> 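Dumping the structure here so I can ask a few things about it.
Fair warning: this is a prediction, and the values are worked out from it, not measured in the lab. Just so you know, residue 1 is the first one in the sequence shown, and it goes up from there. Just follow the structure's listing: the first ligand is 1, and inside any ligand the first atom is 1.
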Amino acid sequence: MLLTISTTHQPATDLGYLLVKHPDKVQTFNLAFGKAHVFYPEATDDLCTAALLLEINPVGLVRNGGAERFALDQYVNDRPYVASSFLSVAIAQVFATAMAGTNKDRAELAQTAIPLQMMITALPCRGGESVLRKLFEPLGYSLLIDRQPLDTRFPEWGESMYYTVHLSITARLMDALSHIYVLIPVLDDEKHYYVGSDEVNKLLRHGEGWLAAHPERDLIAARYLKHQHRLKREAIAQLADNDGVDEEAEAEKHDAEEQIVEHTLSLHEQRLGAVLAVLKASGASRVLDLGCGEGRLLSLLLKEKSFTQILGMDVSVRALETAVDRLHLDTMPPRLKERLKLIHGSLLYRDERLNGYDAAAVVEVIEHLDQPRLTAFEHIVFGFARPRTVIVTTPNAEYNVMWESLPAGKFRHRDHRFEWSREEFAKWANRVAAEHGYRVKFLPIGPENTVVGAPSQMGVFEMGSEVTS
Ligand code: SAH
């Protein structure tokens, strides 16, 4: 899709200084999901137009998608071709200086309202033209809206949900960029990456100076934050606060903050919650946390009385020391303390201390092991220790394209030796289960995307044949 930005401010070629992109050059930027090209179709003193052309790599979006779970929407979807949150990310990365208004050259112009025209092609608008107008007109834009037919060769098929929009305004370039940065994904009502509480800060930062007073700020916050009500409430409360509004808003803000603390779950918390739920459902009372790290899962396990014996093991002494601190082991009441044991050991060597437990959690550990040593791990856990239930979680590599800040081809953590797609994980887990007399079922962890799945994946192994998956 294409975004063009034009000005008739004179000399119009100053637009090149504002965008920090030379009008005589074609420049290409590599982004996590494809390429952005910047070039100037026209550059005279009277009229200058900069174009940002986004070329999303559709194969990258389905990279590692297994044939096993073929779904047509992996291959046939509008994402590579429409103006969406990908375009917003590209704007923020390619025009970062212009958005911040921190230009060294033409510093004064960056702070001056100039006549601007922006054109966005293939903009999906949930709610159609009226929403488009409700979002832009209060900001002072005049709009020219062109709805695209579904297929120009078959006019009888009617209109699509995609629009080409011309927006005109006299404003600072940094403000206009902030408007479209926020409003494009709002119109699309979709985001390609996980939306957590840092999105609230992003919305407030880019909405500074205009969002608080916008008549549609509720709609904007709800859609921008992907309808996560607690995040939306936090944003609205803070916006209202900026407005200098009343005590009720203040109370609501505190309430929202509390809710955030209580309920906004990080991916890791969701992961641990999922593991805990499966452990509880398994009926286990003696539980292993293998590769327990700093003891996050251990502290949750301790809160559940049904877990009478809990053993945490890790190869890292440092991690274990942190766990001792975090769990306040020194001052722990004896009743709790006698249920918990922390041991130093490796999952690659046979260890009698792991015998006799009902269940084992191995949370985000296997990807830290060198792949050739996985066989040893399999023998130790599934062959020797042999708890009835084993829960293994690991990142879903397919989801990596969704992390806004993760460069393509990189792992999520420096120490990861591999990251698997859902198919690769399933292949490994099915083999291990078959070799050791377990059955395994798979569960997603975190918000699921139709194309790339959820950010993390969990395999639940149950020993024997009485289990149904
Ligand atoms: N399960 C924890 C920690 C995950 S990080 C959590 O979810 O928070 C991975 C952990 O695996 C690290 O603490 C690391 O020290 C541990 N680990 C890596 N190789 C190991 C091995 N061979 N044996 C035991 N633990 C290991």
Side-chain angles (χ1 to χ4, degrees), residues 196 265-280 284 287-304 307 310-329 340-355 357 359-387 389-397 399-400 411-420 425 428-429 432 443-446 454-461:
L265 299 181
S266 73
L267 176 60
H268 195 53
E269 285 164 325
Q270 290 182 49
R271 185 183 285 127
L272 295 181
V275 171
L276 187 66
V278 174
L279 282 174
K280 279 206 274 187
V287 187
L288 295 166
D289 182 2
L290 303 176
C292 61
E294 299 175 357
R296 291 205 171 83
L297 180 62
L298 293 174
S299 79
L300 297 178
L301 294 172
L302 275 170
K303 290 192 185 119
E304 298 290 333
F307 303 126
I310 303 163
L311 179 86
M313 179 173 106
D314 205 285
V315 78
S316 157
V317 175
R318 236 171 103 197
L320 289 168
E321 282 168 0
T322 311
V324 168
D325 282 350
R326 279 178 62 99
L327 297 166
H328 305 294
L329 211 67
L340 176 69
K341 235 189 266 170
L342 282 180
I343 64 171
H344 180 221
S346 168
L347 283 165
L348 302 178
Y349 301 97
R350 190 174 176 171
D351 194 327
E352 307 271 321
R353 294 173 295 177
L354 305 183
N355 292 351
Y357 283 82
V362 193
V363 179
E364 305 295 284
V365 174
I366 58 170
E367 65 277 5
H368 292 264
L369 306 176
D370 287 327
Q371 235 163 327
R373 311 192 77 174
L374 267 181
T375 330
F377 163 83
E378 294 161 20
H379 286 306
I380 303 311
V381 175
F382 295 91
F384 294 120
R386 281 188 82 66
T389 305
V390 181
I391 302 165
V392 177
T393 78
T394 194
N396 165 19
Y399 199 90
N400 287 355
F411 291 149
R412 294 182 199 176
H413 190 286
R414 257 184 303 150
D415 191 44
H416 285 182
R417 308 300 157 91
F418 60 88
E419 285 179 358
W420 279 339
F425 180 50
W428 173 81
V432 171
L443 294 166
I445 298 174
S456 200
Q457 44 186 342
M458 169 159 71
V460 180
F461 299 77

> State whether the side chain of Q457 and the backbone N or O of P395 hold a donor-acceptor pair below 3.5 Å, judged by distance alone.
yes

> Does anything in residues 362-380 pair up under salt bridge (charged side-chain N to carboxylate O under 4.0 Å, His left out), and if so which pairs, sequence neighbours excluded?
R271-E364, D370-R417, E378-R431

> State whether the side chain of N396 and the backbone N or O of P455 hold a donor-acceptor pair below 3.5 Å, judged by distance alone.
no

> Got a sec, which residues hit salt bridge (charged side-chain N to carboxylate O under 4.0 Å, His left out) with K341, two or more places apart in sequence or on another chain?
none

> Under the salt bridge (charged side-chain N to carboxylate O under 4.0 Å, His left out) test, which residues partner D325, sequence neighbours left out?
none

> Answer yes or no: is there a side-chain heavy-atom contact under 4.5 Å between N355 and E352?
yes

> N or O contacts of ligand 1 with protein under 3.5 Å, please list pair by pair.
residue	atom	partner	partner atom	Å
ligand 1	1 (N)	G291	O	2.7
ligand 1	1 (N)	V363	O	2.9
ligand 1	7 (O)	H268	NE2	3.3
ligand 1	8 (O)	H268	NE2	3.1
ligand 1	13 (O)	D314	OD1	3.4
ligand 1	13 (O)	D314	OD2	2.7
ligand 1	15 (O)	D314	OD1	2.6
ligand 1	22 (N)	S346	OG	3.3
ligand 1	23 (N)	L347	N	2.9
ligand 1	25 (N)	V315	N	3.4

